[in-house]
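Below is one structure, written out as structure tokens, with a few remarks after it.
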Amino acid sequence: ADLQTSKETAEDFALRITTTVSSGFVTLAISMGVRTGLFGHLARMDSPRTSCQIAEAANMKERYVREWLALMVTARIVEYEREKRTYFLPRHRLGALLPDADESSMGNMSELMRQLARVSSDVADCFDRGGPKGVPYSAYPEFDKWLAEMRQHEHQSNLVTEFLPTIPGLLELLDSGIRVQDAACGRGITTLILAQHFPNSTFVGTDFSEDSIQWADEESRKRGLANVSFQVQDLAKMPTDWSDSFDYVFVWDVVHDLAAPDLALREIFRMVKPGGRFSMVDIRGHSELADNMGNPVAPILYCASLHYCMPVSLYLDGKGLGTMWGQELAMQMLQEAGFADIRVLDIPGSPANLHFLCHKPA
């Protein structure tokens, strides 16, 4: 039976899918513009320039620059003047393209797509019943660096001034001195920012990646921070003597990646002091697929889930929650872990995420 539910014709769909696939090619070229710095060079131009002038200023080969510009022009990203053969990037487009211009920059996300494309064949192999369970973290050698850069862009201006004030009384406690853990901290960007702002508090960053912890440890020494330490730890099995030892614990966009998210949340509950608080920041989405149909970035999130979040968890015989596990399941798992008074908050300047602010009963 024909299950068609709209008046869409075959021609309508063909045009739509052509646009979709074309956009994928454009995304790879946007990533190239980010990696080469071409968008930055275009941003510094005060008037239209020829491809030769742009290549000269960027110290690049003109032929490659010209071909990339052609793609950008046909994608309606860069403007082109036919008579003079000059190119110009309007300033109002910079925030959506430059990785350090705006927290929601698609330039950052284009870099993620480039990395995911590298493992697409590995993920495809996992579909076969006799294929691999998943894909190991080692298949994503650039991911930690990319994520650290994302965190830096995201948190350098908003973490202290906009995110923390949404948690009643926390700024005052951090000023006076409390013990904080950044769980699954990656390269510890968030930890480092907080440690610099609140010298009276003590911060511990934990992650199971030895390379990330080594990077964070070296960076903390470069910055001369005496109130922060980093340790290699498995969030599903933390030190037994860490029970009731942190006033505040937070985890940022990680729980859905974990092999054992339920155990990790129980461990976090165990480590928070009675009366203490836990912030779980995770992707804004719903557990029911149909409820995500109106989300314009849902395809991006499901793609990231399919190519990274789900397979890295399944590789470790994990639950494979995926990026879009949804706020409904998140609430259920937080309650099952023992947390109370759970509030779901928006995050200023970060529309793709939700903040689950939880308390551990005193």
Side-chain angles (χ1 to χ4, degrees), residues 6 8-40 42-43 63-80 87 89-90 93-128 131 134-135 139-143 145-147 149-150 153 253 256-257 283-285 289 292-312 322-324 351-352:
S6 72
E8 179 184 66
T9 66
E11 291 77 13
D12 292 336
F13 177 74
L15 177 60
R16 180 159 62 87
I17 203 67
T18 298
T19 302
T20 298
V21 173
S22 177
S23 296
F25 284 90
V26 174
T27 303
L28 287 176
I30 291 173
S31 173
M32 191 172 294
V34 171
R35 285 174 63 81
T36 60
L38 271 167
F39 281 127
L42 291 175
R63 184 66 188 91
Y64 280 90
V65 171
R66 178 159 38 101
E67 200 72 2
W68 179 81
L69 285 168
L71 198 163
M72 292 295 103
V73 169
T74 54
R76 307 293 195 272
I77 294 172
V78 171
E79 297 297 322
Y80 177 64
Y87 305 82
L89 179 60
R93 298 175 185 172
L94 297 179
L97 293 169
L98 297 178
D100 56 353
D102 192 278
E103 292 160 14
S104 58
S105 166
M106 286 295 103
N108 287 319
M109 295 309 295
S110 72
E111 265 293 278
L112 176 61
M113 179 184 173
R114 181 188 63 80
Q115 294 186 43
L116 299 184
R118 293 179 57 178
V119 299
S120 186
S121 294
D122 297 327
V123 175
D125 291 341
C126 297
F127 279 67
D128 190 277
V135 181
Y140 308 84
E142 299 177 79
F143 184 79
K145 179 177 181 294
W146 171 82
L147 186 60
E149 291 172 351
M150 284 282 289
H153 298 321
D253 277 347
H256 63 264
D257 294 332
I283 298 297
R284 180 189 296 270
L289 171 60
N292 295 315
M293 290 299 293
N295 184 345
V297 297
I300 295 176
L301 298 172
Y302 278 115
C303 183
S305 183
L306 176 63
H307 284 81
Y308 178 77
C309 306
M310 185 185 75
V312 296
T323 311
M324 298 293 274

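With values rounded to the nearest 0.5 angstrom, Gln115 atom CD is found 6.5 Å from Leu112 atom CG. Interatomic distance, Arg284 CZ to Met324 CE, rounded to the nearest 0.5 Å: 11.0 Å.
A 4.5 Å side-chain heavy-atom check between Met310 and Leu306 finds at least one atom pair inside the cut-off. Between Met106 and Ile300, the closest side-chain pair of non-hydrogen atoms falls below 4.5 Å. Contact annotation: the side chain of Val135 approaches that of Tyr140 to within less than 4.5 Å [non-hydrogen atoms, C-beta and beyond]. Put simply, the side chain of Phe39 does not reach to within 4.5 Å of the side chain of Leu94, judged on heavy atoms. Contact of the Tyr308 side chain with the Val123 side chain is not registered, since no non-hydrogen atoms from C-beta on lie closer than 4.5 Å. Residues Leu89 and Leu97 are in side-chain contact: their nearest non-hydrogen atoms beyond the backbone lie under 4.5 Å apart.
Legend: side-chain hydrogen bond (donor to acceptor under 3.5 Å, both in side chains) pairs involving residues 16-30, not counting sequence neighbours, sorted by first then second residue: Glu8-Arg16.
The number of heavy-atom neighbours closer than 6.0 Å to CZ of Arg76, taken from other residues, nucleotides and ligands shown, is 12 or below.
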Please list every donor-acceptor pair under 3.5 Å in which a side-chain atom of residues 28-38 meets a protein atom from a residue at least two apart or in another chain.
residue: Ser31; atom: OG; partner: Glu111; partner atom: OE2; Å: 2.5
residue: Thr36; atom: OG1; partner: Met32; partner atom: O; Å: 2.8
residue: Thr36; atom: OG1; partner: Leu38; partner atom: N; Å: 3.4

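In terms of heavy-atom proximity, Ser110 sits nearest to Gly107 at OG-O, 2.7 Å. The shortest non-hydrogen separation linking His307 to Ser120 is NE2-OG, 3.6 Å. When all heavy atoms of Asn295 and Pro299 are compared, the closest pair comes out as O-CD, 4.1 Å. Nearest approach of His256 to Thr323, heavy atoms of both residues: CD2-CA, 3.6 Å. Taking every heavy atom of both residues into account, Gly322 and Ser305 meet most closely at CA-OG, 3.1 Å. Counting all heavy atoms, side chain and backbone alike, Ala298 lies closest to Asn292 at CB-O, 3.7 Å.
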Determine whether Asp253 and Leu147 satisfy the following criterion, side-chain contact (heavy atoms from CB on, under 4.5 Å), listing intermediate values before the conclusion. CA-CA 10 Å; Asp253 277 347; Leu147 186 60; over 6 Å; no
